[in-house]
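Read through the structure below, which is laid out as structure tokens, and then see the notes.
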There are 2 protein chains.
Amino acid sequence: MKVGTADTATTVDAAGMRAQNSSLLLNMIWREQQLSRAEIARRTELSPSTVSAIVADLEHSGLVRNIGAGVSRGGRRPTLIGFCDDAFSIIGVEMGATHVTVVLTDLRGRVRAHRHSPHAVREDPKGTLQKVRELVQECLDAERVPRRSVLGMGVAVPSPVHPSTPGKLSPLIVPAWRDYDVQESLKSAFNMPVFVDNDANLGALSERYWGAGVGGEDLTYIKLGTGIGAGFIIHGDVYRGSGGTAGEISHIAVDPAGQQCVCGLRGCLVTLIGTGPLLERARELMGPRGRRAPTVRELVEGARSGEAAARQVIDSLGHYLGIAVAGLLNLLNPAIVVLGGEISSVGDLLLDPLRASVRKRALSTSMAETRIVTSALGDRAIAVGAATLVLQAALRDRSLFPLQHVRKTA
Amino acid sequence: MKVGTADTATTVDAAGMRAQNSSLLLNMIWREQQLSRAEIARRTELSPSTVSAIVADLEHSGLVRNIGAGVSRGGRRPTLIGFCDDAFSIIGVEMGATHVTVVLTDLRGRVRAHRHSPHAVREDPKGTLQKVRELVQECLDAERVPRRSVLGMGVAVPSPVHPSTPGKLSPLIVPAWRDYDVQESLKSAFNMPVFVDNDANLGALSERYWGAGVGGEDLTYIKLGTGIGAGFIIHGDVYRGSGGTAGEISHIAVDPAGQQCVCGLRGCLVTLIGTGPLLERARELMGPRGRRAPTVRELVEGARSGEAAARQVIDSLGHYLGIAVAGLLNLLNPAIVVLGGEISSVGDLLLDPLRASVRKRALSTSMAETRIVTSALGDRAIAVGAATLVLQAALRDRSLFPLQHVRKTA
DNA sequence: TCCCGTTTCTTCGTTGTACGGACGAAGCCA
DNA sequence: TGGCTTCGTCCGTACAACGAAGAAACGGGA
């Protein structure tokens with residue numbers, strides 16, 4: 001949908017010019033929250049008259065509104081224009097390995113309603129889609145949101161997504177979904193635009209809009225969970241690779257002497273730091289206490305309260321992850337690396353050994369400028385990221401906002 | 001210089017509209033070599049009258065010209081418009097580790113003049129810059145190219161380049177260059193735009209324009225030489241990372257049991273498949289025949305003629321490189337991987353063991369769609385890529401083409 | 001309190017660009 | 001030769017941004 005990269009650009013006529021300038025203003029107002037017409041004119045170098053005309057347009061469509069006067073700079077006080085965060089709602093869906101989460105957000109990523117339900121997503125496509133439909137409907141009903149004020153739906157799936165078939169999941173990773181199309185199914189059920197993407201990609205998007213990467217252009221997100229996935233933001237946009245499998249790092253070999261993996265290699269990242277092996281190792285180390293493996297939450301709490309076994313598991317996680325992250329830094333040189341997934345909530349206990357492991361392996365040049373942090377967005381980050389995918393698309397192309405009937409202003 | 005990605009876009013007025021459409025047409029004519037006005041109108045959905053006006057404009061500035069009539073489609077025959085490949089020249093410079101290469105190209109990447117000279121680039125900045133100036137002047141003189149018909153100069157350097165200081169080389173990698181600025185120096189010497197980038201990045205650009213990646217959007221180039229560098233084309237553009245060090249893969253560890261490297265790690269790629277260690281291993285294996293290590297050329301010829309020792313060295317190169325490439329495929333999922341550097345000229349002898357090594361390690365999904373090939377562009381690929389950097393910039397922003405005085409057409 | 005300069009925002013006429021229809025030129029085909 | 005198609009140009013129109021001028025709103029100094 002980009003315009004302007006000369007190789008792939010679209011032509012521009014008068015209407016296109018207006019669309020482009022209008023989108024630009026909308027984005028600026030969204031970013032800055034409040035802005036006067038005069039200020040916009042100064043920043044964009046558009047003439048004041050043009051700014052007024054476009055703002056009137058945006059106001060008319062309900063996306064921005066007058067929010068009172070600002071402080072004078074020596075003359076008449078400016079009238080501030082604000083973005084209407086609640087002009088539309090967005091639905092975000094996370095289909096995890098074993099659960100479904102649905103959120104209803106406004107245009108600023110704030111969650112207005114949410115539903116969560118455990119479900120065997122990988123094995124049961126039909127039931128999953130049914131569950132999604134239910135939870136979405138519940139969210140809509142709870143906030144009494146009319147269908148026409150919903151921008152669209154974003155869906156995070158635990159599988160790579162091929163750009164040319166966005167609704168299909170990878171038959172190699174989730175074979176049961178072979179005959180289902182997530183996009184078609186939900187689109188026909190709710191009659192609104194549906195966007196589908198990989199969960200790690202949407203975690204990355206979430207961080208870029210609402211987390212540690214706000215305003216940045218390049219960011220890498222790593223999702224720690226049953227599998228290990230990375231998502232890349234490059235030039236402000238999710239990078240998916242030519243076949244949509246960029247960031248599939250579960251099966252990067254970090255220990256040639258390691259255990260055999262189902263994929264055929266030895267010492268894959270997932271066999272060492274996937275949730276399963278991690279909890280199993282914790283069980284072994286905790287020894288006599290019990291034969292039940294702890295949950296991730298218990299592991300985190302154990303580490304926080306100083307349990308040696310838990311600490312040791314986290315340390316080894318940091319160590320192995322560091323090997324992969326070091327390779328990633330040398331290869332991609334992102335400005336920031338964000339760790340997500342429940343276990344990342346241990347914070348520094350993970351970051352310290354991770355950074356040490358990375359420091360031993362990465363070139364000092366790329367290291368020096370890269371920040372490595374844990375996510376602070378919580379367990380709804382991916383679902384919110386899914387909603388953000390819709391927001392991003394709409395902010396780029398204003399025509400994705402449905403036309404609302406004109407509101408009368410008092 | 002992008003326009004349109006809503007986050008960073010520039011505003012558009014009437015003049016900008018014309019500039020954008022004009023650039024679009026120029027790109028199309030460049031790509032297709034010859035095209036009629038009617039055909040352009042059909043493809044761009046611009047009105048015939050607009051197309052005529054813009055083409056007249058381009059013709060007036062000497063970038064395109066009438067090249068006779070095409071075949072009729074049942075009515076009046078179209079008049080074909082062609083791109084003037086020789087309207088301007090571009091200078092491309094490669095500063096290698098131990099040599100300097102300069103080429104003078106037209107607007108289609110064809111080399112009109114070239115000069116090559118061995119030089120200790122890393123140790124002698126002053127002499128290198130002097131040498132570059134000499135060779136450039138020789139190229140200009142040889143073809144009697146007036147200064148005003150040169151678009152600009154592109155320079156490939158054997159070091160990462162930080163986006164904010166494009167003229168400075170990395171003090172960690174080439175300390176002697178600490179006080180020199182390649183861009184400033186050459187810009188003031190020749191009074192034309194100078195663009196500087198890393199050599200592997202420009203190899204990638206070269207492949208995307210003239211080699212295996214023509215027309216593609218995503219491509220990875222790997223330069224085998226004294227060091228190992230990768231260049232990425234993402235969305236048609238060189239990706240440099242946030243600090244300009246993306247693709248610095250020399251020190252990725254592929255053999256934890258390997259030899260100690262100067263960087264502090266064990267089993268870095270460069271200690272295993274850098275030109276130095278490779279030739280050293282060849283010397284050892286060739287045994288009694290001589291105590292002199294062979295040159296790369298000799299190694300290549302040896303492998304071609306079936307010498308066991310040479311084959312063995314190439315096999316191990318493929319093996320280790322495969323480990324790195326596998327990681328890269330899982331991480332970035334490019335459409336195509338191109339190998340460059342002199343040793344890549346062995347072709348299949350390298351590709352076979354490489355592909356085998358990759359196949360053992362990469363996910364079949366990302367593997368299936370990725371082509372791995374060797375470069376066919378020869379030893380001037382990097383210098384030509386440097387010139388291409390200028391071409392790319394000018395095709396995106398027509399205002400970079402100097403105004404020529406109007407030519408009278410007969 | 002009044003006056004003046006400043007800033008904000010709108011109004012209105014101008015300018016530049018793309019569009020669309022009409023038209024002549026140039027070809028094909030029967 | 002005549003009918004039909006395609007190509008390219010010419011002219012008037014529509015639309016968006018611009019710039020100058022003016023009205024409104026405000027601050028500050030006398």
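Residue numbering restarts at 1 for every chain, and letters A, B, ... go by the order of the sequence lines. Just so you know, these numbers use all the heavy atoms, side chains as well, and skip hydrogens, waters and symmetry mates.
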*By nearest nucleotide on DNA chain C, pick out whichever of A/E39 and A/G75 is the more 5' one.*
A/G75

*How would you label the contact of A/S72 with the nucleic acid (heavy atoms, under 4.0 Å): base, sugar-phosphate, or nothing?*
sugar-phosphate

*Base, sugar-phosphate, or nothing: which does B/P78 touch, judged by heavy atoms less than 4.0 Å apart?*
sugar-phosphate

*Take atom CD of B/Q34 and atom C1' of D/dC7, then tell me their distance rounded to the nearest Å.*
17 Å

*D/dA17 C1' sits how many Å from A/Q20 CD, rounded?*
14 Å

*May I ask you to check if A/R108 and A/W210 form a cation-pi contact, with NZ or CZ under 6.0 angstrom from the six-membered ring centre and within 45° of the axis?*
no

_Donor-acceptor pair present, B/S49 side chain and D/dG8 base, under 3.5 Å_ = no

*Can you say whether the rings of A/F88 and A/F401 are parallel (under 30°), tilted (30 to 60°) or perpendicular (over 60°)?*
tilted

*Of the non-hydrogen atoms in A/A212 and A/E207, which two are nearest, and what is the gap between them?*
N-OE1, 3.0 Å

_Residue closer to the 5' end of DNA chain D, B/A53 versus A/M17 (nearest nucleotide)_ = B/A53

*Nearest-nucleotide wise, let me know which of A/N21 and B/A38 is further upstream toward the 5' end of DNA chain D.*
B/A38

*Toward the 5' end of DNA chain C, by each residue's nearest nucleotide, A/S52 or B/A14*: A/S52

*Rounded to whole angstrom units, what separation is found between the CD atom of A/E45 and the C1' atom of D/dG19?*
15 Å

*What's the spacing between A/L26 CG and A/L395 CG if we round to 0.5 Å?*
6.0 Å

*Report the distance from atom CD1 of B/I54 to atom C1' of D/dT9, rounded to the nearest whole Å.*
15 Å

*Could you give the distance from CG (B/D86) to OG1 (B/T105), rounded to the nearest 0.5 Å?*
11.5 Å

_Please confirm whether the shortest side-chain N or O distance from B/R37 to OP1 or OP2 of D/dT9 is below 4.0 Å._
yes

*Please determine if a side-chain N or O atom of A/R18 lies less than 4.0 Å away from the OP1 or OP2 oxygen of D/dA17.*
yes

*Is any side-chain N or O of B/R76 under 3.5 Å from a base N or O of D/dC7, one able to act as donor and the other as acceptor?*
yes

*Starting at CG of A/D13 and ending at P of D/dA16, how long is that distance when rounded to a whole Å?*
9 Å

*So does B/K187 pair up with B/E184, basic N to acidic O under 4.0 Å?*
no

*Contact boundaries of DNA chain C with chain B (under 4.0 Å, heavy atoms), 5' to 3'?*
C/dT17 to C/dC28

*asked:* Which heavy atom of B/R398 sits nearest to which heavy atom of B/S23, and what is that distance?
replied: N-OG, 3.7 Å

